[in-house]
Protein chains: 2
Amino acid sequence: MADRKPIESTSTAQDPLKQKGLSVTGSRRKILQLFMQQKGALSHRDIEKKAGAVFDRVTIYRTLQTFLDKGIIHAIPSAGNAVRYALCQGQCGPGHHDHQHIHFICSRCKHTFCLDHSVTPDLHLPKGYQAQDIDVLVKGVCQQCSTTSK
Amino acid sequence: MADRKPIESTSTAQDPLKQKGLSVTGSRRKILQLFMQQKGALSHRDIEKKAGAVFDRVTIYRTLQTFLDKGIIHAIPSAGNAVRYALCQGQCGPGHHDHQHIHFICSRCKHTFCLDHSVTPDLHLPKGYQAQDIDVLVKGVCQQCSTTSK
DNA sequence: TACAAAAAAGCAACAAAGTTGCAAAAATCT
DNA sequence: AGATTTTTGCAACTTTGTTGCTTTTTTGTA
């Protein structure tokens with residue numbers, strides 16, 4: 001009896017998952033929580049590790065895909081092969097993502113951060129090229145790393 | 001006897017591979033050639049397909065790594081999981097890459113191009129963040145695709 | 001031109017990452 | 001509370017990437 005508690009849904013309507021039209025499950029709650037309590041971005045691997053062996057690998061793949069589709073998280077390009085994901089801040093929704101922030105990759109701690117300092121790079125594309133979406137990746141040293149152990 | 005010809009080394013010194021201090025082998029020649037006769041960027045997969053089954057997968061991986069190390073090609077970040085590579089134009093060499101061009105990813109034909117129109121986005125990083133390298137990824141419609149089959 | 005040393009390629013075996021179909025479990029709706 | 005829908009877990013598989021070692025090729029030199 002006592003083990004059937006609805007986790008913490010004092011008010012179902014204010015659940016971010018519900019708001020996006022998703023059913024609320026353990027893995028979705030957990031993964032969303034991981035993103036929320038995390039300053040930086042997370043790769044699939046990070047989530048696997050942080051979540052422990054609680055969820056199946058496949059479930060994580062599927063949850064990430066669902067979150068992407070619903071505009072809850074966005075994918076951050078990477079030059080290695082570890083795409084990372086982070087929460088969407090703006091008006092992202094099913095089908096469209098709209099971000100105007102920088103993705104900062106720390107070369108020291110290897111973490112990826114979304115910096116809310118919008119840039120509008122002066123694009124001078126050659127004739128015929130039409131821009132739809134811009135992603136600015138900056139590699140450097142993050143705040144944390146630049147202050148500690150100079 | 002006739003099958004021992006040095007491929008085409010009229011002048012060994014002007015071989016781009018030699019210039020970078022690399023020994024000249026069949027796979028390196030072929031892969032470099034693929035990059036040169038290609039307008040866009042190539043993924044490992046593309047190369048595997050284009051080269052036919054002539055080279056071992058491992059050889060291609062190692063060749064790409066060598067080219068990266070020597071500053072012959074550079075990696076282009078990707079949000080999916082298909083890092084692409086393209087020839088370096090500028091003063092890249094062992095250990096350092098220096099690019100100031102846009103990477104354009106066509107959402108229609110899925111090709112990636114390096115556009116030689118340099119951008120210096122106005123970076124306003126939060127305090128403590130130090131930029132070392134910037135990569136501007138633009139998604140949109142390329143010249144080819146915007147003119148054909150509107 | 002031939003020969004020894006060095007470098008690269010090929011092979012095999014493996015590790016990691018990602019995908020698919022399906023049955024069992026759970027969340028949702030009424 | 002029970003039926004329906006959705007999601008999960010599992011198993012099997014494909015693709016991608018890595019490592020060690022032997023054979024082959026390239027290179028530098030006599």
Side-chain angles (χ1 to χ4, degrees), chain A residues 1 3-9 11-13 15-32 42-49 51-70 72 75 77-85 94, chain B residues 1-9 11-13 15-32 42-70 72 75 77-85 94:
Chain A
M1 267 179 192
D3 53 351
R4 203 242 289 121
K5 70 183 171 202
I7 309 178
E8 64 157 294
S9 65
S11 159
T12 46
D15 190 304
L17 293 170
K18 274 258 165 64
Q19 282 176 8
K20 294 282 183 176
L22 293 174
S23 39
V24 180
T25 67
S27 59
R28 287 178 183 170
R29 259 185 190 288
K30 179 64 180 176
I31 293 175
L32 183 60
L42 295 169
S43 67
H44 177 274
R45 195 126 211 292
D46 293 333
I47 294 170
E48 238 180 326
K49 280 190 233 144
V54 186
F55 306 114
D56 195 85
R57 263 164 18 86
V58 179
T59 299
I60 299 176
Y61 280 117
R62 290 199 268 229
T63 302
L64 287 174
Q65 189 55 55
T66 303
F67 283 7
L68 278 176
D69 292 343
K70 293 289 179 177
I72 296 174
S78 151
N81 19 282
V83 181
R84 285 159 190 281
Y85 305 90
Chain B
M1 265 177 189
D3 53 353
R4 204 239 292 119
K5 68 183 172 199
I7 310 179
E8 66 157 293
S9 65
S11 159
T12 45
D15 190 303
L17 292 170
K18 275 257 162 62
Q19 281 177 7
K20 293 282 183 175
L22 292 175
S23 40
V24 179
T25 67
S27 60
R28 285 177 182 171
R29 263 186 188 286
K30 178 63 181 177
I31 293 175
L32 183 59
L42 295 170
S43 67
H44 177 274
R45 194 124 213 291
D46 294 333
I47 294 169
E48 239 180 325
K49 279 191 235 145
K50 279 180 191 284
V54 186
F55 306 114
D56 195 85
R57 262 161 21 85
V58 179
T59 300
I60 298 176
Y61 280 115
R62 290 199 266 230
T63 302
L64 287 174
Q65 189 56 55
T66 303
F67 283 7
L68 277 177
D69 292 344
K70 293 289 178 178
I72 296 174
S78 152
N81 19 281
V83 181
R84 287 160 189 282
Y85 305 90

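Below, read A as the first sequence line, B as the second, and so on, with proteins coming before strands; counting in each chain starts at 1.
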Would you please say whether a donor-acceptor pair under 3.5 Å links the side chains of Ser43(B) and Asp46(B)? yes
Would you indicate whether the side-chain heavy atoms of Lys30(A) and Val54(A) approach each other to under 4.5 Å? no
Remember a base hit wins even if backbone is also touched, and classify Arg45(A) as base, sugar-phosphate or nothing at under 4.0 Å, heavy atoms. sugar-phosphate
Heavy-atom donor-acceptor pair, Arg28(A) side chain to Ser23(A) backbone, under 3.5 Å: yes
Is there a side-chain contact between Ser27(B) and the phosphate of dA9(C), meaning an N or O under 4.0 Å from OP1 or OP2? yes
Contact class for Val83(A) (heavy atom, under 4.0 Å): base, sugar-phosphate, or nothing? nothing
Nearest to the side chain of Thr59(A) - dT18(D), dG9(D), dA27(C)? dG9(D)
Check whether any side-chain N or O of Arg28(B) sits under 4.0 Å from OP1 or OP2 of dA8(C), and answer yes or no. yes
dT6(D), OP1 or OP2 - any side-chain N/O from Thr25(A) closer than 4.0 Å? no
Nucleotide dG9(D), atom P - distance to CD1 of Ile60(A) in whole Å: 9 Å
If you assign Val58(B) and Leu22(A) each to the DNA chain C nucleotide with the nearest heavy atom, which residue ends up on the more 5' nucleotide? Val58(B)
Do you know which of Leu68(B), Leu42(B), Ile72(B) makes side chain to side chain contact (heavy atoms under 4.5 Å, CB included) with Tyr85(B)? Leu68(B)
Can you check the Lys18(B) NZ to dA7(C) C1' distance for me, whole Å? 13 Å
Gap between atoms CD and P, on Glu48(B) and dT15(D) respectively (whole Å): 10 Å
Could you give the OH-to-P distance, from Tyr61(B) to dG10(C), as a whole number of Å? 15 Å
From CZ of Arg29(A) across to P of dA27(C) the rounded distance in Å is 10 Å
Return the 5'-most residue of the pair Phe55(A), His44(B) with respect to DNA chain D, ranking by each residue's nearest nucleotide. Phe55(A)
Euclidean distance, atom CZ of residue Arg62(B) to atom C1' of dC21(D) [Å, nearest integer]: 10 Å
Which heavy atom of Gly80(B) sits nearest a heavy atom of Val83(A), and at what distance? O-CG2, 3.1 Å
Tell me: CZ of Arg84(B) to C1' of dT16(D), nearest whole Å? 15 Å
Any side-chain N or O of Ser23(A) less than 4.0 Å from the OP1 or OP2 oxygen of dT7(D)? yes
With nearest nucleotide decided by heavy atoms, which residue, Thr66(A) or Arg57(A), maps closer to the 5′ end of DNA chain D? Thr66(A)
Over how many whole Å does the gap from Leu17(A) atom CG to dT6(D) atom P extend? 16 Å
